[in-house]
Amino acid sequence: MANKLHDLTIGHCNIQGGLTGISKSTEISNLIHSHCLDVLSINETNLGEDVDSSTINIPSSFDFIRKDREGSSRGGCALIINRKLAYKVVEIETGVDNIEAIWLKIKSSNIHICGFYRSNNYCHIDNFIEYMNVCMHKFRGKRIIFIGDINIDQNKVTDARYKKLDMTLKTYNLVQTVQGITRYNRHGEKFTATTIDVVFTNFYSDFKSCEVLNERIGDHQAIKCIIDFSVQKAPKYEKITIRNHSLNNIRLFRQYVSSQTRVLEDICNEDDVEVAANKLNSLLNDYYDYFFPLKTISVPRTLR
């Protein structure tokens, strides 16, 4: 039997919009396939409620889970997840405003992944730290990964925002694993190189690698983590329950209905139409269940 376990591989990139265009979506697909990603976190999806997820051009074997910025077509984040990965989306209420984040639990493991985007103009660092505090208490004892654009340069250790964040990370034994430059930018004559795309985790010892890739979408470099933790892939087939509409059952049902001439005549002669309809429905429903019992079959797992 083929091994259904593999190392979890996660990627991230701030794509700076353009997700509905063929060029950006092709870059994303290439990134996923070239690095065999199970999960890709993306920021600045820039999607409004007028954009249907089914119109987004991503690999057909992946799910697209999004968190749009409320009342805006800017910002936002999303997770693109391989359907072969056994996972579930976790809803968490924190009461903290202006948070753009999605939580994912890898089934059969303790791993919880938060894909997030923190914009300086939308989410104050104090808000995000409060959000982290609530989440870490709710997920106490779990293996945690925060992955996204924090918009605080991890190399600028004198920044007051960095100090606040660093203190929070230390409180929960979270380690920032990205060491390289993730964004090169130019403002007029000024050139900057910053590490603002991050991975925070409390089980760094299980990471095989965390690297900044040569690929970039927009002016952010993509990042990739490989985790030495066996995760379960979803099966190729899933079991569903259906009615057994075999030819033999259909034949037997027809024979039965044909034998109920007297009963059907009495129903047709009923003066009250509603009473007649109820009697007919009761007759058909009772014997439909009898002649067409439930059965369980296996089908290709094409939809979650």
Side-chain angles (χ1 to χ4, degrees), residues 10 12-17 41-46 67-72 74-78 92-103 112-140 142-204 207 210-212 216 218-223 225:
I10 307 172
H12 165 77
C13 192
N14 184 325
I15 64 171
Q16 298 180 308
S41 158
I42 56 176
N43 288 169
E44 289 195 67
T45 48
N46 293 357
K67 171 69 174 178
D68 300 338
R69 183 172 296 180
E70 188 173 349
S72 174
R74 307 295 297 174
C77 62
I92 176 171
E93 292 294 332
T94 64
V96 183
D97 295 331
N98 295 1
I99 296 296
E100 297 171 299
I102 303 168
W103 279 96
H112 287 68
I113 301 169
C114 176
F116 73 89
Y117 174 55
R118 193 200 74 85
S119 167
N120 288 324
N121 296 327
Y122 183 70
C123 178
H124 194 276
I125 185 57
D126 290 346
N127 274 41
F128 192 77
I129 287 175
E130 182 183 354
Y131 177 75
M132 291 185 70
N133 285 330
V134 174
C135 291
M136 291 305 293
H137 279 93
K138 285 183 178 289
F139 293 130
R140 187 181 289 109
K142 310 297 184 184
R143 288 180 166 89
I144 301 296
I145 297 173
F146 287 92
I147 184 166
D149 182 351
I150 193 69
N151 268 304
I152 298 173
D153 186 5
Q154 299 300 290
N155 303 310
K156 197 173 182 180
V157 296
T158 57
D159 187 328
R161 298 172 305 162
Y162 172 89
K163 291 180 179 179
K164 286 183 178 180
L165 180 63
D166 185 56
M167 186 178 298
T168 303
L169 298 183
K170 289 177 179 176
T171 299
Y172 301 108
N173 294 318
L174 292 165
V175 177
Q176 202 293 97
T177 66
V178 180
Q179 301 301 313
I181 301 299
T182 65
R183 190 188 188 200
Y184 296 92
N185 195 22
R186 184 172 182 174
H187 298 279
E189 297 299 318
K190 185 179 180 181
F191 183 81
T192 60
T194 55
T195 303
I196 58 177
D197 300 278
V198 297
V199 176
F200 305 143
T201 185
N202 61 357
F203 64 110
Y204 180 60
F207 276 54
C210 184
E211 60 180 318
V212 179
R216 66 177 181 175
D219 61 6
H220 285 250
Q221 303 295 130
I223 57 179
C225 300

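Quick caveat: nothing in here was measured; it's all calculated off a predicted structure. Starting from 1, each residue takes its place in the sequence as its number.
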Step-by-step side chain to side chain donor-acceptor pair (under 3.5 Å) determination, Asp219 to Gln16: CA-CA 8 Å; Asp219 61 6; Gln16 298 180 308; 2.9 Å; yes
Flag, side chain of Thr195 to backbone of Gly180, donor-acceptor distance under 3.5 Å: yes
Audit row: Ile99, Cys123, side chain to side chain contact (heavy atoms under 4.5 Å, CB included) steps and yes/no: CA-CA 7 Å; Ile99 296 296; Cys123 178; 3.8 Å; yes
Check: Lys67 and Tyr117 side chains under 4.5 Å, non-hydrogen atoms: no
Steps toward side chain to side chain contact (heavy atoms under 4.5 Å, CB included) verdict (Val199, Ile145): CA-CA 7 Å; Val199 176; Ile145 297 173; 3.9 Å; yes
Closest heavy-atom pair and its distance - Ser72, Arg74: OG-N, 2.9 Å
Which donor-acceptor pairs under 3.5 Å do the side chains of residues 128-136 make with protein atoms, sequence neighbours left out?
{"from": "Tyr131", "atom 1": "OH", "to": "Trp103", "atom 2": "NE1", "distance (Å)": "2.9"}
{"from": "Asn133", "atom 1": "OD1", "to": "Tyr172", "atom 2": "OH", "distance (Å)": "2.8"}
{"from": "Asn133", "atom 1": "ND2", "to": "Ile129", "atom 2": "O", "distance (Å)": "3.3"}

Pair Ser41-Ile10, side chain to side chain contact (heavy atoms under 4.5 Å, CB included): steps then yes or no: CA-CA 8 Å; Ser41 158; Ile10 307 172; 5.7 Å; no
Arg183 and Asn14: CA distance, side-chain angles, deciding distance, side chain to side chain donor-acceptor pair (under 3.5 Å) verdict: CA-CA 9 Å; Arg183 190 188 188 200; Asn14 184 325; over 6 Å; no
Side-chain (Arg69) to main-chain (Gly71) donor-acceptor, under 3.5 angstrom: no
Verdict with supporting geometry, Asn127 and Asn98, side chain to side chain donor-acceptor pair (under 3.5 Å): CA-CA 8 Å; Asn127 274 41; Asn98 295 1; over 6 Å; no
Flag side-chain contact, heavy atom, 4.5 Å: Ile223 against Thr182: yes
Over 12 foreign heavy atoms within 6.0 Å of CZ, Arg161: yes
Minimum heavy-atom distance between Arg216 and His220, given as atom pair plus value: CB-O, 2.8 Å
Ring geometry between Phe207 and Phe203 (parallel below 30°, tilted from 30 to 60°, perpendicular above 60°): perpendicular
Side chain to side chain contact (heavy atoms under 4.5 Å, CB included) assessment of Tyr122 paired with Glu100: CA-CA 10 Å; Tyr122 183 70; Glu100 297 171 299; 3.8 Å; yes
Check: Gln221 and Tyr184 side chains under 4.5 Å, non-hydrogen atoms: yes
Partner of Cys77 under side chain to side chain contact (heavy atoms under 4.5 Å, CB included), chosen from Asp68, Asp149, Asn43, Thr45: Asn43
The single option from Ile152, Ile150, Ile125, Asp153 passing side chain to side chain contact (heavy atoms under 4.5 Å, CB included) against Tyr162: Ile152
For Thr158 against Lys163, the heavy-atom pair lying closest together: O-CE, 3.9 Å
